[in-house]
**Student:** 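Structure below; questions to follow.
Since this is a predicted model, take the numbers as computed values, not measurements.
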Amino acid sequence: MQPVLRLTAARGRPLYALVLAVVGVMLMAYTVVVSTEANAAVTLLSQGKPVTASSVENAGTPATAAVDGNTGTRWSSAAADPQWIQVDLGDTATLSQVILRWEAAYATAFQIQTSANGTSWTSIYSTTTSTGGVQTLNVTGSGRYVRMYGTARATGYGYSLWEFQVYGEIGGGTGCGTANVAQGKPATASSVENAGTPASNAVDGNTGTRWSSAFADPQWLQIDLGATTAICQVVLTWEGAYATAYQIQVSSNASTWTSVWSTTTGAGGTVTINAAASARYVRIYMTTRATGWGYSLWEVAVRAGGTPTSPTPSPSPSTSPGGPIQGGGSLGPNVKVFDPSMSGATIQSQVDAVFNEMESNQFGTGRYVLAFKPGTYSGFNAQIGFYTSILGLGQNPTDVRINGDVTVDAGWFQGNATQNFWRSAENLSINPSAGFTRWAVSQAAPFRRMDISGDLNLAPNGYGWASGGYIADSRVSGAVGPYSQQQWYTRDSQIGSWVNGVWNMVFSGVVGAPATGFPNPVYTTLNNTPLSREKPYLYLDSGGNYRVFVPSLRTNARGISWANGATPAPRCR
């Protein structure tokens with residue numbers, strides 16, 4: 001409630017003096033209000049917009065209560081860390097201010113994060129010393145999605161917000177032009193449905209002609225603007241066969257592509273996308289179809305103008321060499337970064353799209369990383385194809401736990417795994433749904449710093465041939481079954497047991513390894529590894545920054561390096 005100003009005459013003081021004092025106070029208040037409004041954020045963008053949260057305490061405290069404009073209603077979460085609430089602004093916005101109106105159950109540590117697609121997040125504000133109340137945060141950043149990501153609670157209850165207010169300007173005021181710089185330019189596509197639906201139809205200015213693709217995922221349509229152009233907007237006019245998941249990508253050479261906008265909830269129709277970039281080539285890269293048909297576009301328009309803000313394929317050198325890369329930022333369109341707020345179904349759709357492209361793509365040019373931020377994940381099976389690496393972004397394998405599956409099989413090659421190479425897994429803890437993890441690879445495809453709760457099966461389904469692999473710094477609580485594997489090398493690890501051998505099985509510094517017996521049985525076992533060093537790896541620190549960890553050199557190593565805590569790092573002299 002606002003305080004009430006009472007005007008009364010004081011003894012021994014003339015009334016006019018008091019009146020002048022009150023007028024002075026009112027003038028000062030007016031000055032303060034004018035000054036505050038002059039520097040206020042542009043527009044309240046979040047009120048009434050779609051909002052979701054990691055959890056709710058009960059039906060009376062939904063996420064929508066934090067953006068309803070009513071300071072008497074609130075969102076509150078479950079009593080656990082971390083938790084988040086995110087709002088979809090409906091389009092890309094340039095942000096200037098976020099106001100958090102906390103109830104008594106506030107966060108002491110939280111981040112304000114933005115995203116173009118609701119998947120990959122960038123932190124634009126972070127604190128570990130919040131005191132609750134009403135917090136007005138001046139921020140700089142852009143995105144369609146904005147979230148409060150809480151990591152430490154001030155009370156034993158969950159997080160609770162009366163209001164979550166986001167201020168800024170949709171489109172960022174870039175002064176986007178109206179001319180279509182794509183019209184009549186050369187256009188190519190991954191495929192066409194037939195001769196009557198060529199790629200050129202999507203840039204001919206005729207809304208009665210269209211491009212349509214083959215009935216498969218993924219597909220793309222790209223346009224050569226003829227010269228490097230500062231673009232600000234892409235307008236897609238979909239036919240009924242539209243994409244539910246797609247990206248807008250740009251390139252200077254039609255070879256290296258950078259994603260500047262993406263969605264997994266496309267609804268077709270005419271879509272206007274604010275995407276600032278400087279590029280010669282623009283591509284619509286489509287990964288999920290809404291129908292059983294291919295993809296189909298009546299027209300693609302590209303607008304020019306404004307100031308490009310998107311990352312280029314070759315980033316400029318940092319002004320502070322050696323500084324951390326900000327966590328949650330884009331690492332490129334083929335690095336898929338997942339966080340614990342994502343549902344198993346969402347993760348499944350993305351890993352399936354990658355696998356569908358790479359399962360048999362033995363000599364293709366695609367390269368993918370599936371990276372998981374620290375936390376617990378459930379309900380998906382990540383099948384790993386060619387040129388795909390799956391990894392955890394924790395400092396230790398137990399920082400990322402998957403209650404689900406990571407699988408390599410050989411169905412693409414009739415159950416023969418002898419060509420299942422060029423893929424890897426590292427730095428993950430897996431609790432497999434069926435009690436075992438299948439990793440049917442050949443040619444030393446690496447399996448590093450993995451923690452398997454259950455068995456590890458190194459053969460394809462049906463026990464077809466497989467030709468060698470490599471395990472390092474990993475723990476398997478159950479049995480490792482090579483079955484049809486011809487040879488294998490395991491180093492500095494811990495296993496429950498080893499089932500059999502075909503030609504040659506080598507162990508070095510492995511707790512639980514079978515005794516030496518070559519040539520019968522085919523085991524060569526060294527109790528310790530004289531010298532070894534695990535390869536460097538990427539991780540996220542407590543501040544959300546990407547860092548590279550370089551493990552220490554180990555002497556006479558035996559077992560995993562993280563058995564008693566974090567993997568040791570070299571001491572600086």
Side-chain angles (χ1 to χ4, degrees), residues 151 324 327 338-340 369-377 382 384 389-406 424-432 436-437 439 444-456 458 469-480 488-498 506-513 525-572:
T151 54
F338 304 97
D339 69 63
V369 172
L370 309 175
F372 290 78
K373 293 182 179 180
T376 300
Y377 302 79
I384 309 301
S389 292
I390 185 168
L391 55 87
L393 290 171
Q395 191 166 349
N396 296 291
T398 53
D399 294 341
V400 178
R401 183 168 182 80
I402 294 176
N403 294 316
D405 297 285
V406 172
S424 65
E426 67 176 74
N427 215 27
L428 295 167
S429 176
I430 302 174
N431 182 25
F436 72 93
T437 293
W439 187 255
F447 195 79
R448 299 176 181 268
R449 295 176 56 78
M450 298 291 287
D451 188 18
I452 307 299
S453 297
D455 296 337
L456 179 61
L458 304 179
Y470 173 65
I471 294 173
D473 205 15
S474 295
R475 178 171 62 190
V476 179
S477 68
V480 180
W488 198 273
Y489 175 47
T490 306
R491 175 177 63 78
D492 301 352
S493 295
Q494 178 180 329
I495 61 176
S497 62
W498 191 271
V506 177
F507 307 87
S508 175
V510 177
V511 176
T525 301
L526 299 178
N527 194 55
N528 300 87
T529 305
L531 287 174
S532 64
R533 188 199 298 271
E534 187 52 40
K535 79 170 190 64
Y537 57 90
L538 192 67
Y539 75 100
L540 283 171
D541 67 14
S542 58
N545 299 305
Y546 288 111
R547 294 184 180 274
V548 175
F549 188 89
V550 181
S552 294
L553 177 69
R554 300 180 72 189
T555 302
N556 293 322
R558 180 171 172 79
I560 56 178
S561 66
W562 39 277
N564 300 312
T567 295
R571 293 183 179 180
C572 296

**Student:** Nearest heavy-atom pair of Trp562 and Pro397: which atoms, and what distance?
**Tutor:** CE2-CG, 3.6 Å
**Student:** Pairs in or reaching into residues 470-479: which pass salt bridge (charged side-chain N to carboxylate O under 4.0 Å, His left out), with residues at least two apart or in two chains?
**Tutor:** Arg449-Asp473, Asp451-Arg475
**Student:** Considering non-hydrogen atoms only, spot the tightest contact between Gly454 and Ser477 and give its length.
**Tutor:** N-OG, 2.7 Å
**Student:** For Asp399, enumerate each residue passing the side chain to side chain donor-acceptor pair (under 3.5 Å) test, keeping only those at least two apart in sequence or located in another chain.
**Tutor:** none
**Student:** Is there side-chain contact between Leu538 and Leu391, with at least one heavy-atom pair below 4.5 Å?
**Tutor:** no
**Student:** Who are the side chain to side chain donor-acceptor pair (under 3.5 Å) partners of Asn396, not counting sequence neighbours?
**Tutor:** none
**Student:** Which residues pass the side chain to side chain donor-acceptor pair (under 3.5 Å) test with Tyr489, sequence neighbours left out?
**Tutor:** none
**Student:** Between Ser474 and Met450, is there a donor-acceptor pair closer than 3.5 Å when you use the side chain of the first and the backbone of the second?
**Tutor:** yes
**Student:** Locate the shortest heavy-atom distance separating Val400 from Asn427; write the atom from each residue and the value.
**Tutor:** CB-O, 4.4 Å
**Student:** Got a sec, which residues hit ring pair (Phe, Tyr, Trp, His ring centres under 6.0 Å) with Phe338, two or more places apart in sequence or on another chain?
**Tutor:** Phe372
**Student:** Got a sec, which residues hit salt bridge (charged side-chain N to carboxylate O under 4.0 Å, His left out) with Asp455, two or more places apart in sequence or on another chain?
**Tutor:** none
**Student:** Pick one: which of Thr529, Asn528, Asn527 meets side-chain hydrogen bond (donor to acceptor under 3.5 Å, both in side chains) with Arg558?
**Tutor:** Asn527
**Student:** Step by step, work out the side chain to side chain contact (heavy atoms under 4.5 Å, CB included) result for Trp498 and Thr490.
**Tutor:** CA-CA 11 Å; Trp498 191 271; Thr490 306; 3.8 Å; yes
**Student:** Using the test side chain to side chain donor-acceptor pair (under 3.5 Å), find all partners of Asn556 that sit at least two apart in sequence or belong to another chain.
**Tutor:** none
**Student:** Partners of Thr525 by side-chain contact (heavy atoms from CB on, under 4.5 Å), sequence neighbours excluded?
**Tutor:** Phe507, Ala513, Thr516, Tyr523
**Student:** Pro551: what forms a side-chain contact (heavy atoms from CB on, under 4.5 Å) with it, not counting sequence neighbours?
**Tutor:** Glu534, Tyr537, Phe549, Thr567
**Student:** At their closest point, which heavy atom of Ile430 faces which heavy atom of Pro432, and how far apart are they?
**Tutor:** O-CD, 3.3 Å
**Student:** State, yes or no, whether a side-chain contact exists between Leu456 and Ile471 at a heavy-atom distance under 4.5 Å.
**Tutor:** yes
**Student:** Taking atom types as modelled and ignoring hydrogens, do the side chains of Ser389 and Ser424 form a donor-acceptor contact shorter than 3.5 angstrom?
**Tutor:** yes
**Student:** Taking only residues two or more places apart in sequence, or in another chain, which ones meet Asn431 in a side-chain contact (heavy atoms from CB on, under 4.5 Å)?
**Tutor:** Arg401, Asn403, Ser453
**Student:** Compare every heavy atom of Trp439 with every heavy atom of Val406, then report the nearest pair and how far apart it is.
**Tutor:** CG1-CZ3, 4.4 Å
**Student:** Is Leu540 close to Pro374 at the side-chain level, that is, under 4.5 Å between some pair of heavy atoms?
**Tutor:** yes
**Student:** Under the side-chain contact (heavy atoms from CB on, under 4.5 Å) rule, collect the residues that match up with Leu553, sequence neighbours excluded.
**Tutor:** Leu531, Arg533
**Student:** If you take all heavy atoms of Pro536 and Val548, which pair is closest and at what distance?
**Tutor:** CB-CG1, 4.0 Å
